[in-house]
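All heavy atoms count here, side chains included; hydrogens, waters and symmetry mates do not. Reminder, nothing fancy here: chain letters follow the sequence lines and each chain counts from 1. None of these values were measured; they are calculated from a predicted model.
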Protein chains: 2
Amino acid sequence: MRPEAVNLAKKLALFRDLWSPKVVASFNGHDVMVVKVKGEFVWHAHSDTDDFFLVLSGRLTIDLRDGPVTLGPGELFVVPRGVEHRPRAEEETELLLIEPAGTPNTGNPATAAVKTRL
Amino acid sequence: MRPEAVNLAKKLALFRDLWSPKVVASFNGHDVMVVKVKGEFVWHAHSDTDDFFLVLSGRLTIDLRDGPVTLGPGELFVVPRGVEHRPRAEEETELLLIEPAGTPNTGNPATAAVKTRL
């Protein structure tokens with residue numbers, strides 16, 4: 001199968017639901033996802049995986065136990081494994097996320113969103 | 001150590017050399033890099049790793065043996081492991097690359113660029 005380029009804006013135009021990551025590509029056992037967020041997520045940690053966030057539009061704050069990190073478009077942040085964090089956004093914000101395939105977004109399969117593929 | 005947000009534009013303003021990836025973050029054994037490219041790279045393949053490209057500015061063509069894929073800003077492409085490819089750009093183009101740490105950019109340690117950390 002011939003691989004295809006992925007246009008992130010076109011993928012983001014396909015859905016409106018919040019906090020529901022959509023897988024747009026995969027590499028080396030990782031899923032590349034786009035997601036729209038607004039409001040507060042839950043405090044959580046991933047014990048075995050680092051968590052990659054890149055802001056595409058809007059503004060994301062990632063609360064850490066020792067203070068917040070705020071990201072605008074073109075800014076990225078890696079939450080190291082085991083570090084408790086809470087993403088939140090006052091305005092609707094679009095993100096690129098990368099996680100090992102199968103990682104629950106809350107760190108807990110029971111409370112995690114189902115990741116669909118676009 | 002408190003992790004820091006990474007501003008990609010600020011990192012790209014720190015250097016001018018072409019085809020010389022700079023590591024700006026790491027996660028799950030992978031390096032996240034920014035690079036400026038113009039002209040043609042060499043045909044190469046990575047036998048064990050998929051190769052992630054995201055265009056930040058400019059325009060990148062990735063020649064594959066069965067034809068080219070062209071990417072503009074906000075477009076990404078994964079070259080599957082083992083697939084021969086040649087990146088090229090007519091204008092200076094800025095990319096985000098993700099590879100397992102230690103992956104030679106030409107697929108061959110003897111001809112690879114040294115990756116520095118910004």
**Student:** Given F77(B) and V6(A), is the side-chain contact (heavy atoms from CB on, under 4.5 Å) satisfied, shown in steps?
**Tutor:** CA-CA 6 Å; F77(B) 186 75; V6(A) 173; over 6 Å; no
**Student:** Do other residues, nucleotides or ligands put more than 12 heavy atoms under 6.0 Å from R117(B) CZ?
**Tutor:** yes
**Student:** Should W43(A) and V79(A) be counted in the same cluster of Ile, Leu, Val, Met, Phe, Trp and Tyr side chains packed under 4.5 Å apart?
**Tutor:** no
**Student:** In terms of heavy-atom pairs under 4.5 Å, which option from D50(B), L96(B), L8(B) contacts chain A the most?
**Tutor:** D50(B)
**Student:** Between L76(A) and chain B, which part of the residue has a heavy atom less than 4.5 Å away: side chain, backbone, both or neither?
**Tutor:** both
**Student:** Could you list the donor-acceptor pairs under 3.5 angstrom formed by side chains in residues 53-61 of chain B, with sequence neighbours left out?
**Tutor:**
from	atom 1	to	atom 2	distance (Å)
S57(B)	OG	E94(B)	OE1	2.9
T61(B)	OG1	T70(B)	OG1	3.3

**Student:** Picking from K11(B), K10(B), E75(B), which has the most non-hydrogen pairs under 4.5 angstrom with chain A?
**Tutor:** E75(B)
**Student:** Residues two or more places apart in sequence or in another chain: which of them pass side chain to side chain donor-acceptor pair (under 3.5 Å) with E40(A)?
**Tutor:** R86(A)
**Student:** Does E90(A) have any side-chain contact (heavy atoms from CB on, under 4.5 Å) partners at least two apart in sequence or in another chain, and if so, which?
**Tutor:** none
**Student:** Suppose a student defines contact as a heavy atom less than 4.5 Å from any heavy atom of chain A. Which residues in residues 21-28 of chain B would they list?
**Tutor:** A25(B), S26(B), F27(B), N28(B)
